[in-house]
Each structure stands twice: as C-alpha cells, then as structure tokens.
Amino acid sequence: MIPSSLTVILATLALGVVALTAFILAWWCGHFRDLDAQARVIFDSRELRFVRPWETSAQRLEREVTYGAPLPGERGEWGGAT
Amino acid sequence: MSRVWLLLVGAFAALSFAIVLLVLVPRALLMRVEASPGLMPYTTSELQGREVYIANGCVYCHSQQVRDPAFTSDVERGWGSRATVPGDYVYDRPHLLGTSRTGPDLINVGQRLPDRNWQLIHLYDPRALNAWSIMPGFPFLFTEKAPNAVRPGDVVVVIPGPRAPRGRVVVAKPEAVALTDYLLSLKRNAPVPTSATARERTAGPLAGGMSQHDGTARPAP
Amino acid sequence: MTHSQLAGEAEITSATTGAHEHGPTDLEIRLHADASSRLPVLVCYGAAMVWLVVGSLFGELASLKLHWPDLLSRDAWLTFGRIRTAHLNTVNYGWGSLAMIGTSLWLMPRLVHAELRRARLAALGAVLWNVGLVLGVGGILGGVSDGMEWLEMNRWFADPWLVVGGGMIGLALFSTVAARKAEHLYVSVWYIMSAFLWFPMLFLLGNWPSWSGVESGAVNWLFAHNVLGFWLTAVSVGVAYYFIPKVLGRPIYSYQLSILGFWSFAFFYALNGMHHLVGGPLPTWMITTSITASVLMFIPVVATAINLHMTVVGRFGSLRYSPTLRFVVLGAMGYTAVSLQGSFTALREVNRVTHFTHWTIAHSHVGVYGFVTFIMFGAMYYVLPRLVGHEWPSASLIRWHFGLVLAGIAIYVVALTWAGVAQGLALLDPKLPFQISVERTHWGLVGRSLGGLLMTTGHVVFAWHYWLMLRGRQPARARPPFHEARPILYTEAATEAAAAYRKESAVGAARSER
C-alpha cells in the first residue's frame, strides 16, 4: 500500500541520504575527535577545582587528582558552606 | 564543512522528512478524497454556527470522530453507525476532530438529538436537562427579555424546571440559532461505498481508512 | 577593557590547560558574555514571569469550572472554552517560550565565548513577541480563534508579531554563533540552535491558512507535538545538559551518548505527531508510523537519562545546596518520565483507554510543567544573580516556591491521571451511560484544582521574590541564606569588574552594533 509507493521510498532515500552524507562529512572533518575536550568547554580554569560541600572525601580526592589543587569555594560559587 | 552548517542541515533534514511523510505525501493522496455520499457543503448559517463553535472552544470538550468498531466501542455506544472516514470532513476548514471527551462525541449529534428546542435549552443551561452535566451554560448567546418585549419572529426557548429565569423569557440570539443549525447538520451515518475488499477489512483496525474508492492508493501525480 | 580588546583573537581551549597569557581571561569572558545579554534576558524573564502568573490564574479558573460549571459562566470572555485556550497559549507562548528564549540568549554567549550580537534587536524582538501574544490572547477571549489547538491565536493580527519578533531574536542568536570563539560546539548549542530553526518552520507550516479536512488534523498535530518536542523539549534538554555538569563541576558522563541522543531525538521525534489521532480518520500507515516513532523515542530518552543520571550519581546531596540543581535534576527526571509515559500511551491497546480522557492532560502537564517549567525555574535561579549582581534575597521564599510547586504538580498528576483512567474505562463500556464517565472524574478534577492552587501560589511566591531581586535588596547578613547552602552569585571582584564593564558599554554602545 502506501509504504510501498515509489514516492515515499524516494523521499525517504533522498532525505536519509542527505542525513547520512552530513554524518559522514562530519566524521571525515574530525568533528567526532576529542570528545572529552568538547565536554569540558563549558568550564573555566578554576571552577573545576572549587571545593563542593556535598562531595565525599573520595570524590574530592578524585577532583584534586584530575584538575589540580583545590580552591576554596569563592563566595557565591558553591563553596564555603562548611 | 563547518559543524554549524552540518548541524543545521541535519536538523532541517530531520524535520523536513517528517513534513514530507506526514503532510505532503498524505496531501497528495488525500486530495483525491471526495465527500462522503450525501454530504453537502455547510450552508451559510451552519458555517456561522461553526464559527460560534470555534469561538467558544467547544472542541476542547467534544470530539467529532467515530473510531473503528473493531477497535473500540464508539459505535456500540450509539455515537455513530460506522467509523468516520476522511470523506466526512472535506468541508471542514479547519477540522474539529477534538482530543477530549469531557462531553460526548458530536459528529452525529444531528441524528442523535435532532430536536432544535432541546439543543437551545441545552446551550442556555445544560443542567436544566442533565443535572450531572459539567458543561458550561452559554447564556450570552441568548437574551432574557421581559415577557411583553417578545416580538413575533423571536426564537423563544422555554427552560424547564427550577433553573428557568423567573419572570423573563429566554430568546435565542442569531448566534445560538446558527450554532444549533450547525449542530443539527452533524450527521455522518450514510454508508460509504465499501469497495474495500475482504482482505483489507481483515487487515486490522482502521484498515478501511482509505477505502473511499478502491482502497488502494495511487501514487501522487 | 574595550570592545575591540574583548573581540580579540584569543581562543579558549580546554579548561584543563589553565588561563592564557594574552587575551581575555576565563572570568572576563564570562562576565562579558553575561553583561552583553543582560538587557534582552531581563526583558524575556520579566515578561515570562507576568505570563506565568496570568497563565496560572487562567488555568486555575478553567480547572475550577470543570467541577463548578456555573462559576463565572455568564460572560462570554470567561467561558471555559476561551479561558482554557487562553491558559494554553499564555503558558506555552508566554511563560515557557519566553523563559526559554531568555535562557538561550544568556546561555549562547557563554557557550560560544562571544558576546551576544544584536542584543538590543533581541530585546526589541521580545517586546514584539509580547505584543503579538497580548493581541492573540485578547482575541481568544473575545472569541477570535483560528480553530486548531495550539494555533488559536489569529494568524493575521497576532501571529505576525511573533514571527517578526522571533526572527529578530533568532538573528541575534545565530549572529552570535557565527561570531563564536570557542573551538567546540557543546551539545546544548546543537539543541538550542536546532530549536530556533525548527520552531519558525513549524509555526509557518501550522499557521498556513490553506489546510482543511483531515489533512488539517494531521498538520495540527504535527505542529503541536513538534512544538512540544522540537521547541519546548529541545531547548529544555539543552539547558539541562549545561546546568547539571556546570553546577556539579563534572563533565557530562558520555559525550558520545549525547551525540546519539541528539540525532535519534531529531529523527524520531518529528514523526510522533499522529499519535494524538490514534483511531481517527487518517490512513492507518500514518498513525502506525507515529506509534512506531513514539516507541523508538526510547532510544534518545534513555540515552539522555543515562547521561544525566550518571553525571549526577553519587552527588544527589547537591540538591540540598543548589536550587538550580533541585529544579533541573527533577525536571530532567520529569523528561524521562513523561517520555516513557508517552511511548506507552501511544500503543493502541493503552490508547484505547486513555484517548480523549484527562489522562492526556495529566501527561501533558508532567511534560510542560514537571519537565520544562521546572528546568526553567532552575535556570532562572542560576541566571538572575549573574544579571543583577547579587544573590537571591530570601532562602525561605525559594523553599516555599519549591515545596509548593512540587506538591502541586504531584497532586495534580496523581488526581488527574486517576480521573483519566476512571473516565476511560467508563467510556469503553458501552453499557455505562456517558453520565458515569463524568461523575467518576469529579473528585479527580477537584484534586487537580487543589494541585493547581498550590502551583499558582508557588508562582506568586516566585514572582514576588523575582520582584525583590530586581529591586536590589542586598541580603543583610554574613551567613549564606540557605540551610547549609548558598546560591551562586558573583564574587566581589567579579561584581566590580562587571559594574565597570557595564558602565563602559553604556558609553561605547553607539559605536559597536555587530
């Protein structure tokens, strides 16, 4: 019936191929490399080091190891509640 | 290629795909749909009444579609003798299919409740007829006149029971009359040509949806 | 610092490489981003707050009328069919859209590390949008409606204002992206940019005057469902993807999952619309396509849920400290809940019971309120201090707001879902007169009004607090306002730098319209 009609098949192919091409182009141009850096673009250099009052000591240690020496929470940036 | 452009092209393609599949292709197919047998275009008064229906948001409590009896009990409940098909709606601009049955389905109300007076009373004050009803009244579609102010040609509505306004006569405004004309025009029970083959009928619920002519779709021109 | 210095060529690389020797520092970039968007964001948020309160009042009145039908029923402009429609349009195109537009205008400069371009044009656009909305809703109350649900505002004297205003806002947003300095496009940028592309396409399609018959039904629900998905959901998910990692100080759990989540979302969501018409007079294949797409939505929804959950896991204690996280995390859970509920509801066997009942309304409020509105509340709690330069004056008002709306939506959803199922089961049984379906919903509808009352009260509390915030009342205490918590605000050094920047931009404003 309809799903077997030529029009639908061609329309699906046309748009699907466009999407697939876009994806392949993106891959080829390297947009999928270095995804970890993409995930970190929202942070600035200090805020990953702020002490956060809800974290356990294991979590704080992990933070120190990954991002560097802890910074005391600045007034207004999540810290200083202790 | 810049990732912004790639993103926009991809997003555009995703939505366009849906529009083609769910709007443009059906449009090409449904443009062939003809009115169901016996269905006439709305008269001027009925169209005015339809505008009153839209202006007051009737669609938010009342649907206008009868679903396949193999699927559910709309037909058994008496809301229609058959499922409604696209040909029933060709003169509807826009559709008023509705998504809510706070009140009953109305697509065949003209057949089910053909008494004009009942309709007028019900519009003025639903609880004058059904104490359990939560439908709002539409007193602003009526005028309440002193008895000696009633003129010949006025559509007088006699409200039964204790909820009638005392010492006043309820007269329907043209909007109420038009709305009633529209409601009484809602009849979609004429049988549609069932040239749908047995195979289609047993293909499952709603398979008859396209059976206006021969049930098979021709590719869009 | 002048504009030209700020527009300097320095690229911002990954945070772990630390500050740079030349070009603006991270803090300055943030400050300038926030300062550049201040005017249009405040216009959007202010208007959004007004619509939130007005829309809630319309909603509460509509709810009361369903179990007290003679309430205020004498006047045409107060009839249920107009009040309900006014509620839908004010909360969606007023509160929801403007809160999202404001948040997007604030967020985009932050994400791309460039100042908001054409900020005053965006502010003007927001004003025009509101003009259109006033005309549109006024028209609805006056009985002027285009007839299709979600598209009622008059297409000639109301909608064009939204098109022009929205276009101005879109222009500002896209110019800002074009001027970006950040090397990477964070996932929130994809969601927001796509939403600002999709919404105008949908708005024009839906409002096009030529549709009739069952085709208009298909267009109606393609529009309405995609406004939910490609506008309300897309921006809200993008906002959640920013605030959850940001406040927690942890990058999103899996960037790969966000890519999968976004693209499957884009391709499956668009096809969902016909699930509002299951059983209706449309070709079966269209409805089946939508049901299939609705079930396939499991993929992006679960991907997003895993991503956000794994980012928060082990740190749920943060919800005690941060009002932003309280609302955004619950909102993200609301997204998962409403989407899984939606996939389930689209199945024909379930739809047989739930279609045409109050279940659908309960479901839509889990989404537009429990998900979108909650996320917008969380976003506003974060953004406002950065725009006005001081923290929220009262911890108590934040707690009241949160408690009231949470209790409100919980009661709302439970009461109305129960009413919907009772109604649906009664409707299915042809031996039961219609009257039974109405009577069985009564107490659920009363419960919904109670929930709505709590929500409306919560909104009034929030609006009052917003007003106090704008008036600049400095909190007169040394300790943070929360019980063991402190909301985010500027540091003293940052506040001075921001004030100096704002003064300087006022002087230099005429020069640089980019």
Side-chain angles (χ1 to χ4, degrees), chain B residues 3-4 7-8 10-12 14-15 17-19 21-23 26-27 29-30 33 54-60 63 65 67-68 71-73 76-77 83-86 88-90 92-97 99-102 104 127 130 132-140 205-207 209-210, chain C residues 65-67 69-70 73-76 79-82 84-85 143-145 147-149 177 185 190 193-194 197-198 201 205 211-220 222 230 266-267 270-271 273-274 276-277 279-284 286-287 289 352 356-357 360 427-428 430 434-435 438-439:
Chain B
R3 53 189 70 191
V4 172
L7 172 73
L8 292 175
F12 181 81
L15 182 57
F17 176 56
I19 293 174
L21 197 62
L22 295 177
V23 177
R27 169 162 253 228
L29 297 166
L30 289 170
V33 169
I54 290 172
N56 289 294
C58 305
V59 71
Y60 303 111
S63 58
Q65 49 181 290
R67 293 175 292 176
D68 190 316
F71 180 51
T72 184
S73 57
E76 262 187 276
R77 182 174 274 288
T84 47
V85 295
D88 293 327
Y89 302 95
V90 291
D92 287 9
R93 193 187 196 104
H95 78 95
L96 291 168
L97 291 168
T99 51
S100 202
R101 284 178 177 171
T102 313
R127 277 162 291 290
N130 294 317
W132 50 264
S133 174
I134 56 172
M135 171 166 153
F138 295 90
F140 52 86
L206 314 163
M210 284 296 286
Chain C
K65 282 167 174 278
L66 282 176
H67 50 87
D70 290 323
S73 62
R74 291 213 68 85
D75 295 304
T79 191
F80 173 81
R82 300 188 195 185
R84 188 252 197 219
T85 311
V144 179
S145 163
M148 294 205 283
E149 201 169 344
V177 175
L185 278 187
W190 316 336
M193 274 215 300
S194 302
L197 169 71
W198 284 324
M201 285 170 71
L205 179 82
W211 312 110
S212 68
V214 294
E215 178 189 43
S216 65
V219 171
N220 190 171
L222 182 99
F230 275 177
F267 276 93
L271 294 169
M274 304 307 119
H276 293 266
L277 291 165
L282 279 177
T284 313
M286 288 175 69
I287 298 188
T289 303
R352 259 177 101 230
F356 297 130
T357 70
T360 307
L427 284 173
L428 262 187
F434 186 80
Q435 171 181 351
V438 174
E439 288 172 345

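To find a chain, count down the sequence lines: A is the first, B the second, and so on, and within it residues start at 1. Heavy atoms only: backbone and side chains are in, while hydrogens, waters and symmetry mates are out.
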> What distance do C:Met274 atom CE and C:Thr289 atom OG1 have between them, rounded to the nearest 0.5 Å?
Replying inline: 9.5 Å
Which region of [X], side chain (C-beta onward) or backbone (N, CA, C, O), has a non-hydrogen atom less than 4.5 Å from a non-hydrogen atom of chain B, or is it both or neither?
| X | answer |
| --- | --- |
| C:Leu222 | side chain |
| C:Leu197 | side chain |
| C:Leu427 | both |
| C:Arg84 | side chain |

> Which one of C:Gly217, C:Ala76, C:Gly273 has the most heavy-atom pairs closer than 4.5 Å to chain B?
Replying inline: C:Ala76
> Can you tell me if B:Asn56 uses its side chain to pair, donor with acceptor, with the backbone of C:Thr79 under 3.5 Å?
Replying inline: no
>> Using only atom types and a distance under 3.5 Å, with no angle test, would you say the side chain of B:Ser63 pairs donor to acceptor with the backbone of B:Gln65?
In response: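 Not confirmed, B:Ser63 side chain does not pair with B:Gln65 backbone.
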>> Which atoms of B:Glu76 are under 4.5 Å from chain C, going by heavy atoms: the side chain, the backbone, both sets, or neither?
In response: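 Both backbone and side chain.
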>> For B:Phe138, which atoms come within 4.5 Å of any heavy atom of chain C: side chain, backbone, both, or neither?
In response: side chain
> Strictly by modelled atom types, are C:Glu439 and B:Trp132 linked by a side-chain donor-acceptor pair under 3.5 Å?
Replying inline: no
Against chain C, work out which of [options] has the most heavy-atom pairs shorter than 4.5 Å and name it.
| options | value |
| --- | --- |
| B:Thr102, B:Thr99, B:Asn130 | B:Thr99 |
| B:Ala11, B:Ser133, B:Ala83, B:Gly57 | B:Ala11 |
| B:Arg101, B:Met135, B:Arg93 | B:Arg101 |

>> Check B:Arg127 with C:Asp70, please: is the shortest side-chain N to carboxylate O separation under 4.0 Å?
In response: yes
> Does the side chain of B:Phe140 come within less than 4.5 Å of C:Arg74's, by heavy atoms?
Replying inline: no
> Counting only heavy atoms not in B:Tyr60, do more than 12 sit closer than 6.0 Å to its OH atom?
Replying inline: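 Counting neighbours around OH of B:Tyr60, more than 12 heavy atoms of other residues, nucleotides or ligands fall under 6.0 Å, so yes.
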